[in-house]
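For reference, the structure discussed in these notes is given below.
Numbering of residues begins at 1 and proceeds along the displayed sequence. All figures in this text were calculated on a predicted structure; none of them were measured in a lab.
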Amino acid sequence: QVQLVESGGGLVQPGGSLRLSCAASAYTFRSYTMAWFRQAPGKERDFVARISMSGVFTYYADSVKGRFTISRDNVKRTVTLQMNSLKPEDTAVYYCAAGPDGASRNPADFRSWGQGTQVTVSS
C-alpha cells in the first residue's frame, strides 16, 4: 500500500477555485492509477476523477466535467485536482486514492486512501 496525504481544502465562495494536492509515499507511485473521490454528509463516497499511470488518460464524473482537472507528477509523486467554477453542491470531504492499473470508478477498486480534506463552497 501507499500512504497518501491530501492538502488544499478550505472555504470558497460559489464560482471560486481551489487546488487540491495529494502526496504519495511510494517510490512505485508511477505504477498506480490515481483518483479523487468525495463524500458529502449522509451520502456515499462518489467518484470525481481518475488518471492513468502515465497521466495520458483522464476520466471525470459528469457533474465536474469541464470544471475540474486532474493531473499528476510521477517525479514528485503528487496528484492534483484543480477545481474551478465551484458550486455549493461540490461541498464534501475530498479523498485521494491509489489503485492498480485498470481501476475504475468503484471505490472498492482502490486500496489506499488519504485522510480526506474538507471543501466547503458557500457564500
Exercise. List for me each residue that meets salt bridge (Lys or Arg N to Asp or Glu O under 4.0 Å) alongside D101, sequence neighbours excluded, and say none if there are none.
Key: none

Self-check item: Exercise: identify the closest heavy-atom pair between A61 and R105
Solution: CA-NH1, 3.9 Å

Practice problem: Could you tell me whether K65 and D62 make a salt bridge, using a distance below 4.0 angstrom between a side-chain N and a carboxylate O? | Solution: yes

Practice problem: Give a yes or no on this: more than 12 heavy atoms of other residues, nucleotides or ligands lie within 6.0 Å of atom CD of Q3. | Solution: no

Quiz prompt | All side chain to side chain contact (heavy atoms under 4.5 Å, CB included) counterparts of N106, not counting sequence neighbours | solution = S104, A108, D109

Practice problem: Write out all pairs satisfying ring-ring contact (aromatic ring centres under 6.0 Å, His included) with one or both partners inside residues 47-91, taking only residues at least two apart or from two chains. | Solution: F37-F47

Self-check item: Heavy-atom closest pair, residues M53 and R30
Solution: CB-O, 3.2 Å

Exercise. Calculate, to the nearest 0.5 Å, the distance between atoms CG and OG1 belonging to L11 and T120 respectively.
Key: 6.0 Å

Self-check item: Distance-minimising heavy-atom pair for R111 and P100
Solution: NH2-CG, 4.0 Å

Practice problem: Check the surroundings of atom CD in E89: do more than 12 heavy atoms from other residues, nucleotides or ligands lie under 6.0 Å from it? | Solution: yes

Self-check item: Side chain Q115, main chain V5, donor-acceptor under 3.5 Å
Solution: no

Self-check item: Separation of S122 OG from D90 CG (nearest 0.5 Å)
Solution: 12.5 Å

Practice problem: For side chain to side chain contact (heavy atoms under 4.5 Å, CB included), just list the numbers for R67 and M83, CA-CA rounded to whole Å, side-chain angles, deciding distance to a tenth of an Å, and then say yes or no. | Solution: CA-CA 6 Å; R67 300 188 297 122; M83 305 186 295; over 6 Å; no

Quiz item: Are L4 and M34 close enough, and set up right, to give a side chain to side chain contact (heavy atoms under 4.5 Å, CB included), and what steps lead you there?
Solution: CA-CA 11 Å; L4 303 171; M34 299 298 298; 3.9 Å; yes

Quiz item: Minimum heavy-atom separation for A92 to R38, with atom names?
Solution: CB-CB, 3.8 Å

Practice problem: Please determine which of I70, L81, T80 meets the side chain to side chain contact (heavy atoms under 4.5 Å, CB included) test together with I51. | Solution: I70

Self-check item: side-chain hydrogen bond (donor to acceptor under 3.5 Å, both in side chains) involving N74 - partner list, sequence neighbours excluded
Solution: R72

Quiz item: Would a 4.5 Å heavy-atom cut-off, applied to side chains only, mark V48 and Y95 as touching?
Solution: no

For residues 12-24, which side-chain N or O atoms pair as donor and acceptor with protein atoms under 3.5 Å away, sequence neighbours left out?
from : atom 1 : to  : atom 2 : distance (Å)
S17  : OG     : N84 : OD1    : 2.9
R19  : NH1    : Q82 : OE1    : 3.2

Practice problem: Treating Ile, Leu, Val, Met, Phe, Trp and Tyr as nodes and any side-chain heavy-atom pair under 4.5 angstrom as an edge, say whether V2 and W113 lie in one connected cluster. | Solution: no

Exercise. Check the pair C96 / W36 against side chain to side chain contact (heavy atoms under 4.5 Å, CB included), numbers first and verdict last.
Key: CA-CA 5 Å; C96 176; W36 288 94; 4.0 Å; yes

Quiz item: Of all residues at least two apart in sequence or in a different chain, which pass the salt bridge (Lys or Arg N to Asp or Glu O under 4.0 Å) check with K43?
Solution: none

Quiz item: Would you say R45's side chain and P107's backbone share a donor-acceptor pair under 3.5 angstrom?
Solution: no

Quiz prompt | Non-hydrogen atoms of R50 and A103 that approach each other most closely | solution = NH1-O, 3.1 Å

